[in-house]
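Numbering of residues begins at 1 and proceeds along the displayed sequence.
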Amino acid sequence: SLRLVLLSVVVASVFVSQGSTSENQRLFNNAVIRVQHLHQLAAKMISDFEESLLPEERRQLSKIFPLSFCNSDSIEAPTGKDETQKSSVLKLLHISYRLIESWEYPSRILGNPNQITEKLADLKVGISVLIKGCLDGQPNMDDNESLPLPFEDFYQTLGDSSLRKSFRLLACFKKDMHKVETYLRVANCRRSLDSNCTL
């Protein structure tokens with residue numbers, strides 16, 4: 001009888017942990033889908049913007065972006081595939097959170113036909129929940145989280161022409177959404193204990 005009680009406790013705890021694991025997996029999948037959508041949206045916005053330009057304007061802008069820097073460049077992040085692969089799930093989630101947070105203010109400048117600001121806010125909440133799930137009651141050791149991001153209106157104070165400013169804003173948004181998508185995909189893969197989390 002005692003063995004039966006112990007067995008039922010073990011079975012119940014397995015179901016609870018499987019339930020929380022599958023809920024965590026659902027949240028991860030949801031976060032990846034949301035950032036994919038934002039990345040696709042950014043790619044479409046920059047493509048539409050480029051199509052609206054005159055050939056001479058397009059030529060000028062093609063020289064700018066590779067040399068430009070973005071507000072988020074101040075956020076410490078993996079610089080290549082190898083470094084991304086070696087980063088912990090928690091580190092990738094923290095960086096993704098910071099990158100999304102860095103767009104809270106500038107996203108308002110993008111205009112709101114696609115509710116980008118709201119979508120970023122939803123994604124930020126989702127990533128925050130995933131971070132809490134990874135910490136599992138442990139203290140949060142990431143002291144960068146509370147640091148203020150530099151240049152709240154960075155993209156407005158660069159002194160660029162409005163054409164260059166718009167292009168830089170869109171190009172940086174696309175670049176950062178691509179980063180977050182990559183980091184969340186790797187983190188999600190790593191959690192599934194898949195040994196082949198290649199980029």
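Across all non-hydrogen atoms, the minimal contact from S107 to I116 is CB-CG2, 4.0 Å.
Applying the salt bridge (charged side-chain N to carboxylate O under 4.0 Å, His left out) rule to K124 yields the partners E101, E104; only residues at least two apart in sequence or on another chain are considered. In terms of the side chain to side chain contact (heavy atoms under 4.5 Å, CB included) criterion, residue partners of Q36 (sequence neighbours excluded) are, by chain and number, V32, I33, E181, R185. With sequence neighbours left out, H37 forms a ring pair (Phe, Tyr, Trp, His ring centres under 6.0 Å) with no residue at all. For S52, the side chain to side chain donor-acceptor pair (under 3.5 Å) criterion is met by no residue, not counting sequence neighbours. Under the salt bridge (charged side-chain N to carboxylate O under 4.0 Å, His left out) criterion, E51 pairs with no residue at all, not counting sequence neighbours.
Using a cutoff of 4.0 Å between basic side-chain nitrogens and carboxylate oxygens, D48 and K44 are scored as salt-bridged. Salt bridge status for R59 with E56: present, with a side-chain N to carboxylate O gap under 4.0 Å. Salt-bridge formation is detected for the pair K175/D73: a Lys NZ or Arg NE/NH1/NH2 atom is positioned less than 4.0 Å from an Asp or Glu carboxylate oxygen.
Side chains of S72 and S102: no donor on one and acceptor on the other come within 3.5 Å.
Considering CG of D176 and CD1 of I100, their distance stands at 8.0 Å, rounded to 0.5 Å.
Both F28 and L135 belong to a common hydrophobic cluster when Ile, Leu, Val, Met, Phe, Trp and Tyr are linked at side-chain heavy-atom distances under 4.5 angstrom.
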(request) Evaluate the side chain to side chain contact (heavy atoms under 4.5 Å, CB included) criterion for residues V35 and Y183: first the C-alpha distance (whole Å), next the side-chain angles of each, then the deciding distance (0.1 Å), finally the verdict. (result) CA-CA 10 Å; V35 76; Y183 299 156; over 6 Å; no
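Between F173 and W103, the ring planes lie perpendicular to each other; the angle is over 60°, past the 30° to 60° tilted range.
Residue pairs satisfying the salt bridge (charged side-chain N to carboxylate O under 4.0 Å, His left out) criterion with at least one member in residues 30-39, sequence neighbours excluded, are listed as follows: R34-D122.
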